[in-house]
Amino acid sequence: MRKFVFLVKSLPSSLQDGKTVSRKIGYARVSTIGQTLDVQLQALQDYGCTKIFREKAGGADAERIQLQKLLKGLSKGEIVVVTRIDRLARSTFDLFGIVKEITQKGAQFCSIAEPWADTMTSTGRLMLAVLGGLADVERDLIRTRTAEGRLRATRRGVKMGRPAVIAQAQRHEIIRRRQNGETLKMIAQSYGISAGTVSRIVTGADSHRCRKQLTNED
């Protein structure tokens with residue numbers, strides 16, 4: 001009997017009642033090199049995180065390498081923990097996308113400073129649904145603002161897209177040189193462009209207009 005009691009007491013408290021505690025994985029981030037992660041690391045350790053991913057990058061930076069590693073290696077039943085939700089994302093749209101990816105893998109998410117941001121509770125799941133709706137609104141607003149900005153720019157005479165590498169006069173010259181028998185490679189080298197670009201100028205829609213203009217001039 002004593003031996004049995006000893007074995008029970010030697011087990012982790014999470015196993016003594018027949019339950020298993022999900023592994024907590026922390027994510028800490030600061031925006032600049034000069035800032036320190038110490039406060040976040042201590043809070044995550046006190047919360048019980050057994051592994052912590054550390055990042056020094058802006059919240060709007062899409063290439064957050066450590067966050068991508070965390071999400072890629074996430075397993076079912078694990079819990080992603082942050083000290084505040086702004087450590088994970090800078091926008092509602094971004095936050096919803098990350099949390100959705102976490103839950104789709106069978107994992108959970110929670111924020112220490114915001115108790116409502118806990119997908120293990122009914123309130124947290126409700127907030128996630130609300131976030132989804134807000135993310136849709138935010139996405140629509142971005143699209144609307146972008147479209148309006150393009151329209152205003154077009155009315156001011158601003159040409160959208162990348163500026164042309166080859167001027168119109170140069171297109172005329174390229175066509176003339178090609179018609180005189182010069183190779184694509186030779187022409188391309190003299191303008192610092194690819195042979196494919198030269199070919200498109202000579203045979204494409206734009207070069208067709210150039211040839212038509214040249215014919216009229218001749």
Side-chain angles (χ1 to χ4, degrees), residues 1-139 142:
M1 182 66 179
R2 289 182 180 179
K3 185 176 181 180
F4 175 76
V5 172
F6 172 77
L7 287 173
V8 172
K9 288 185 176 181
S10 66
L11 291 172
S13 58
S14 60
L15 297 178
Q16 290 182 21
D17 56 2
K19 299 180 180 180
T20 58
V21 175
S22 300
R23 183 188 183 204
K24 296 177 181 177
I25 301 176
Y27 176 73
R29 181 187 63 79
V30 290
S31 299
T32 62
I33 302 297
Q35 294 178 316
T36 176
L37 291 164
D38 294 347
V39 175
Q40 293 182 58
L41 295 177
Q42 187 60 57
L44 292 170
Q45 290 170 358
D46 292 344
Y47 197 76
C49 294
T50 57
K51 184 175 183 179
I52 301 174
F53 287 82
R54 312 175 188 195
E55 192 108 69
K56 292 193 175 182
D61 186 358
E63 297 297 326
R64 283 182 281 170
I65 298 175
Q66 294 304 313
L67 177 59
Q68 297 307 318
K69 285 183 178 179
L70 185 158
L71 296 174
K72 185 177 181 180
L74 202 58
S75 300
K76 184 177 180 180
E78 293 180 328
I79 305 171
V80 177
V81 183
V82 294
T83 56
R84 300 195 314 271
I85 56 175
D86 65 353
R87 298 300 86 198
L88 188 69
R90 285 293 188 184
S91 68
T92 304
F93 180 75
D94 189 27
L95 176 63
F96 175 71
I98 295 172
V99 175
K100 183 179 180 181
E101 183 173 351
I102 291 172
T103 55
Q104 284 179 337
K105 290 193 172 185
Q108 302 295 336
F109 167 77
C110 72
S111 168
I112 298 174
E114 293 96 358
W116 57 264
D118 185 344
T119 59
M120 293 174 287
T121 67
S122 56
T123 301
R125 289 189 290 274
L126 173 61
M127 290 306 301
L128 180 59
V130 173
L131 281 178
L134 292 175
D136 287 338
V137 172
E138 184 174 347
R139 181 169 51 235
I142 291 173

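Count residues from 1 along the sequence.
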Would you give me the side-chain donor-acceptor pairs under 3.5 Å for residues 44-51, sequence neighbours excluded?
| unit_1 | atom_1 | unit_2 | atom_2 | d |
| --- | --- | --- | --- | --- |
| Asp46 | OD1 | Gln42 | NE2 | 2.9 |
| Asp46 | OD2 | Gln42 | NE2 | 3.4 |
| Thr50 | OG1 | Arg23 | NE | 3.4 |

Report task. Check the surroundings of atom NZ in Lys100: do more than 12 heavy atoms from other residues, nucleotides or ligands lie under 6.0 Å from it? Result -> no

Among residues at least two apart in sequence or on other chains, which ones pass side-chain contact (heavy atoms from CB on, under 4.5 Å) with [X]?
X: Arg125; value: Ser122
X: Ala107; value: Leu74, Ile102
X: Gln108; value: Ile79, Thr119, Met120
X: Thr121; value: Asp118, Thr123

Please check: side-chain N/O of [X] versus main-chain N/O of [Y], any donor-acceptor pairing under 3.5 Å?
X: Arg87; Y: Tyr27; answer: no
X: Arg29; Y: Ala89; answer: no
X: Glu55; Y: Gln66; answer: yes
X: Lys105; Y: Leu71; answer: yes
X: Arg54; Y: Val30; answer: no

Query raised in the report: Is Phe53 close to Val80 at the side-chain level, that is, under 4.5 Å between some pair of heavy atoms?
Result: no

**Report entry** Pairwise side-chain contact, Phe109 with Val82, heavy-atom cut-off 4.5 Å (strictly under)
**Finding:**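 Yes, side chains in contact.
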
Report task. State which residues pass side-chain hydrogen bond (donor to acceptor under 3.5 Å, both in side chains) with Gln40; sequence neighbours excluded, sorted by chain then number. Result ->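 Gln40 satisfies side-chain hydrogen bond (donor to acceptor under 3.5 Å, both in side chains) with no residue once adjacent residues are dropped.
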
Query raised in the report: Which atoms form the tightest heavy-atom contact between Arg84 and Ser111, and what is the distance?
Result: CA-OG, 3.6 Å

**Report entry** Heavy-atom pair with the smallest gap, counting every atom of Thr83 and Glu114
**Finding:**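 Heavy atoms of Thr83 and Glu114 come nearest at O-OE1, 4.3 Å.
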
Requested in this report: Starting at CG of Leu67, measure out to CD1 of Ile98 and round the result to the nearest 0.5 Å.
Outcome: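 Between atom CG of Leu67 and atom CD1 of Ile98 there are 5.0 Å.
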
